[in-house]
Trainee: 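Below is the structure I would like to discuss, written out as structure tokens.
Computed from a predicted model, the values in this text were never measured in an experiment.
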Amino acid sequence: MRPSPIILLPPAVACALGDGLENVREALFSGRSPGMRYSDAYSPGRMLTLGHADTPLPSLAAFPVSQQSRNNALLLATFAQIEPLFRELTRDIPAHRIGVILGTSTSGIAESEAAVRFHHQANRFPEDFHYSQQELGSPARMLAEHLGCTGPAYSVSTACTSSAKALISAARLLRAGWVDLVIAGGVDTLTRFTIAGFSSLEAVSEAPCLPFSANRCGINIGEAAALFLMRRQTDEDEHAVTLAGWGETSDGYHISAPDPNGTGAANAIDEALTRAGCSTTDIGYINLHGTATHHNDAMESRVISRRFPHCPVSSTKPLTGHTLGAAGALEAVVTWLTLTDSAQRLPPHLWDGVQDPNDPPLSLVALHAHAKAPVRAALSTSFAFGGSNTALLLKTT
């Protein structure tokens, strides 16, 4: 007997595409992103294309200092989009049966950056700083305590696969019967730390990124929060989106570069297909990791072209930036929107159209393209430093 499907209820989202599900939906399929703009706010003296989440943020003055960070404020602002549904669903669920699993890579590092600069001038840390602001578990702990949830609450931090793994962890908790509802997703905000780190790897593009182009020269970093309420399927979930399958592998090939053969990436995809009971021909769309770095795009194009030579695919990072620890959940939202779009629109792949002759071609989605048939199953891939690979397979019921 197959286990009960895991339902992904309508998500909350804030990113460069906009604030809220419908705003993001319309911006996504039209190929416009108001939050993608040049800025040197996080790289003084060097203008970069960054993905800004222009969401109004709540004050966290009533929270403990240890939980006061811009990262947590964006998380709380985004959760407000689904809080009414959360309150309705949890009226009869005990607090210890509700989990909070989030992915992040920055947490409150921006507050630590500001505190160190203050210390350099004043020889002391500011009163509104606590080292726990940068602790990676802070977002999950803050949200769980704010809502009174006493079930499993933790953060996953595996770089760019963090929030994809958070969704997988939530599904496992639900299938194990340990919880009845999970808030799962990810949040990461712009910081000097991450931009300086990727710049040191010469992996940041000043201009808008160009995934899979011969002219690609690096990523645009962005920020986002993306959250799902997840539960086991009930009789009420007649037409819903499920996390039907997932795969996780680890290459251990290199600290910052993927295995060129993509063995681990391919195995993660195969695991997701097997777990969902799907074949490659069942997949109607793939949201690619597509960072616009030479190594990642070369590896991913080889893997996808072998298994899905005719499947529509796109990288949506030119529209959102690479949101690091939030990327897996954000691109799961993009995949969710694709499965639920009544007009059968597909997320566009924005690039210069210059195919890299060293990489196999892919069926990249053109702007304003529609699926030839309703998309019932779709994949989203994420790959991270250290060889961490994930694939999420979403299906409609």
Trainee: For A77 and T55, which heavy atoms make the closest approach, and how far apart are they?
Mentor: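 In terms of heavy atoms, the two residues are closest at CB-CG2, 4.0 Å.
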Trainee: Output, in order, the C-alpha distance, side-chain angles, deciding distance and verdict of salt bridge (charged side-chain N to carboxylate O under 4.0 Å, His left out) for R141 and E135.
Mentor: CA-CA 10 Å; R141 185 185 311 115; E135 204 276 315; 3.0 Å; yes
Trainee: How close do E300 and T381 get, counting heavy atoms only, and between which atoms?
Mentor: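 Taking E300 first and T381 second, the nearest heavy atoms are OE2-OG1, 2.8 Å.
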Trainee: Verify the cluster assignment for V100 and I82: are they in a single hydrophobic cluster under the rule of side-chain heavy atoms below 4.5 Å apart?
Mentor: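 Yes.
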Trainee: With a 4.5 Å heavy-atom cut-off, do T249 and T390 have their side chains touching?
Mentor: no
Trainee: Salt bridge or not between R376 and D282? Use side-chain N to carboxylate O under 4.0 Å.
Mentor: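 No, R376 and D282 are not salt-bridged.
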Trainee: Between Y131 and F125, is the ring centre distance below 6.0 Å?
Mentor: no
Trainee: Decide side chain to side chain contact (heavy atoms under 4.5 Å, CB included) for L102 and L227; before the verdict, give the C-alpha distance in whole Å, the side-chain angles of both, and the deciding distance to 0.1 Å.
Mentor: CA-CA 8 Å; L102 301 176; L227 301 169; 3.6 Å; yes
Trainee: Should the pair H289 and H322 be assigned to parallel (<30°), tilted (30 to 60°) or perpendicular (>60°) ring geometry?
Mentor: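 H289 and H322: perpendicular rings.
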Trainee: Quick check against the 3.5 Å criterion: does T161 have a side-chain atom that pairs as donor or acceptor with the backbone of A384?
Mentor: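 Answer holds: no.
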Trainee: Is there a donor-acceptor pair under 3.5 Å between the side chain of R216 and the backbone N or O of H294?
Mentor: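 Judged by distance alone, yes, a pair lies under 3.5 Å.
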Trainee: With clusters defined by side-chain heavy atoms of hydrophobic residues (ILVMFWY) lying less than 4.5 Å apart, directly or transitively, does I221 cluster with F385?
Mentor: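 F385 clusters together with I221.
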Trainee: T397 and Q233: which non-hydrogen atoms are nearest, and at how many Å?
Mentor: CG2-NE2, 3.7 Å
Trainee: Is there a donor-acceptor pair under 3.5 Å between the side chain of S30 and the backbone N or O of A27?
Mentor: yes
Trainee: Counting distance only, does the side-chain N/O of N287 pair as donor-acceptor with the main-chain N or O of L379 below 3.5 Å?
Mentor: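 Looks like no, no N/O pair under 3.5 Å.
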Trainee: Taking the side chain as everything from C-beta on, heavy atoms only, tell me whether N220 gets closer than 4.5 Å to L48.
Mentor: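 Of all side-chain heavy-atom pairs linking L48 with N220, none is under 4.5 Å.
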Trainee: What is the distance from atom NZ of K165 to atom SG of C160, rounded to the nearest 0.5 Å?
Mentor: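 Spacing of NZ (K165) from SG (C160) equals 12.5 Å.
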Trainee: Determine the minimum heavy-atom distance between V375 and A378, stating which atoms define it.
Mentor: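 Looking at all heavy atoms of both residues, the shortest contact is CG1-CB, 4.3 Å.
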Trainee: Would you mind reporting whether Y154 and S169 have side-chain heavy atoms less than 4.5 Å apart?
Mentor: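 Side chain of S169 against side chain of Y154, heavy atoms only: contact under 4.5 Å found.
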Trainee: So among R275, R307, R306, which one has a salt bridge (charged side-chain N to carboxylate O under 4.0 Å, His left out) with D270?
Mentor: R307
Trainee: Checking D40 side chain against M47 main chain: does a donor-acceptor pair fall under 3.5 Å?
Mentor: no
Trainee: CZ/R175 to CG/L173 distance, rounded to the nearest 0.5 angstrom?
Mentor: 12.5 Å
Trainee: With a 4.5 Å cut-off on side-chain heavy atoms, are S213 and W351 touching?
Mentor: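 The answer is yes; the side chains approach within 4.5 Å.
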Trainee: Measure from the ring center of Y42 to the ring center of F198 and say whether it is less than 6.0 Å.
Mentor: no
Trainee: Are M36 and L50 side-chain neighbours, meaning at least one heavy-atom pair lies under 4.5 Å?
Mentor: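 Not touching, per the 4.5 Å side-chain cut-off.
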Trainee: So, taking the atom named OG1 in T104 and the one named CG in N72, what distance separates them when rounded to the nearest 0.5 Å?
Mentor: 8.5 Å
Trainee: Check whether any side-chain N or O of D188 sits under 3.5 Å from a backbone N or O of S105 as a donor-acceptor pair, and report yes or no.
Mentor: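 Flag set: sc D188 to bb S105 pair under 3.5 Å.
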Trainee: For R70 and L75: C-alpha separation, side-chain torsions, deciding distance, then whether side chain to side chain contact (heavy atoms under 4.5 Å, CB included) applies.
Mentor: CA-CA 9 Å; R70 184 167 178 270; L75 171 62; over 6 Å; no
Trainee: Search all heavy atoms of D251 against all heavy atoms of G264 and return the closest pair with its distance.
Mentor: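 Taking D251 first and G264 second, the nearest heavy atoms are OD1-CA, 3.0 Å.
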Trainee: Given the rule in the side chain to side chain contact (heavy atoms under 4.5 Å, CB included) test, do F383 and N296 qualify, once you have shown the distances and angles that lead to the verdict?
Mentor: CA-CA 8 Å; F383 311 117; N296 177 88; 3.7 Å; yes
Trainee: Let me see the working for L8 and L394 under side chain to side chain contact (heavy atoms under 4.5 Å, CB included), right down to the final yes or no.
Mentor: CA-CA 9 Å; L8 295 169; L394 278 60; 3.7 Å; yes
Trainee: I'd like to know if E206 pairs up with R46 as an ion pair, taking the criterion as any Lys NZ or Arg NE/NH1/NH2 lying under 4.0 Å from an Asp or Glu carboxylate oxygen.
Mentor: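 Yes, this pair counts.
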Trainee: Is there a ring-ring contact (aromatic ring centres under 6.0 Å, His included) between F118 and F129 once you walk through the steps?
Mentor: CA-CA 10 Å; F118 183 93; F129 171 70; 9.9 Å; no
Trainee: Are L210 and V204 grouped together when hydrophobic residues (ILVMFWY) are joined by side-chain heavy atoms under 4.5 angstrom apart?
Mentor: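 Not linked; separate clusters.
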Trainee: Are W336 and L229 joined in one hydrophobic group, where the rule is that I, L, V, M, F, W and Y side chains link up if heavy atoms are under 4.5 Å apart?
Mentor: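 In one cluster: no.
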Trainee: Can E331 and K317 be counted as an ion pair, charged N to O under 4.0 angstrom?
Mentor: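 Between K317 and E331 there is a salt bridge, with a charged N closer than 4.0 Å to a carboxylate O.
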Trainee: What verdict does the side-chain hydrogen bond (donor to acceptor under 3.5 Å, both in side chains) test give for T191 and T194, after you've listed the backbone C-alpha separation in whole Å, the side-chain angles of each residue and the deciding distance to 0.1 Å?
Mentor: CA-CA 6 Å; T191 71; T194 48; 3.0 Å; yes
Trainee: Is L74 reachable from V333 through a run of I, L, V, M, F, W or Y residues, each pair having side-chain heavy atoms under 4.5 Å apart?
Mentor: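 V333 does not cluster with L74.
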Trainee: Taking D237 first and then R232, would you say they form a salt bridge - that is, a charged N and a carboxylate O separated by under 4.0 Å?
Mentor: no
Trainee: Is a side-chain donor or acceptor of T396 paired with a backbone partner of V241 at a separation under 3.5 angstrom?
Mentor: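 Checking the backbone N and O of V241 against the side chain of T396, no donor-acceptor pair under 3.5 Å is found.
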Trainee: Side chains of L273 and I283: closer than 4.5 Å at any heavy-atom pair?
Mentor: yes
Trainee: Quick check: does any side chain N or O of S380 sit under 3.5 Å from a backbone N or O of L392, one acting as donor and the other as acceptor?
Mentor: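 Not a single qualifying donor-acceptor pair exists.
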Trainee: Is the backbone of A166 close enough, under 3.5 Å, to the side chain of S163 for a donor and an acceptor to pair up by distance?
Mentor: no
Trainee: What do the steps show when you test Q133 against S138 for side-chain hydrogen bond (donor to acceptor under 3.5 Å, both in side chains), and what is the final call?
Mentor: CA-CA 7 Å; Q133 288 167 316; S138 177; over 6 Å; no
Trainee: Indicate the atoms forming the closest heavy-atom contact of S162 with V156, along with that distance.
Mentor: CB-O, 3.4 Å
Trainee: Hey, what do you get for OH (Y285) to CG (L346), rounding to the nearest 0.5 Å?
Mentor: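 Taking OH in Y285 and CG in L346, the distance rounds to 7.5 Å.
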Trainee: Just how far is it from atom CZ of F212 to atom OG of S301, taken to the nearest 0.5 Å?
Mentor: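 Reported value, rounded in 0.5 Å steps: 6.0 Å.
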Trainee: Does the side chain of P56 come within less than 4.5 Å of D19's, by heavy atoms?
Mentor: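 In contact.
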Trainee: With the side chain counted from C-beta on, respond yes when M230 and L9 share a heavy-atom pair under 4.5 Å apart, and no when they do not.
Mentor: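 The answer is no; the side chains never approach within 4.5 Å.
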Trainee: Rounded to the nearest 0.5 Å, how far apart are CD of Q134 and OG of S112?
Mentor: 3.5 Å
Trainee: Before giving the answer on ring-ring contact (aromatic ring centres under 6.0 Å, His included), spell out for F79 and H146 the whole-Å C-alpha distance, their side-chain angles and the decisive distance to 0.1 Å.
Mentor: CA-CA 11 Å; F79 176 74; H146 174 63; 7.6 Å; no
Trainee: Are the side chain of T242 and the backbone of I7 linked by a donor-acceptor contact shorter than 3.5 Å?
Mentor: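 A pair under 3.5 Å: no.
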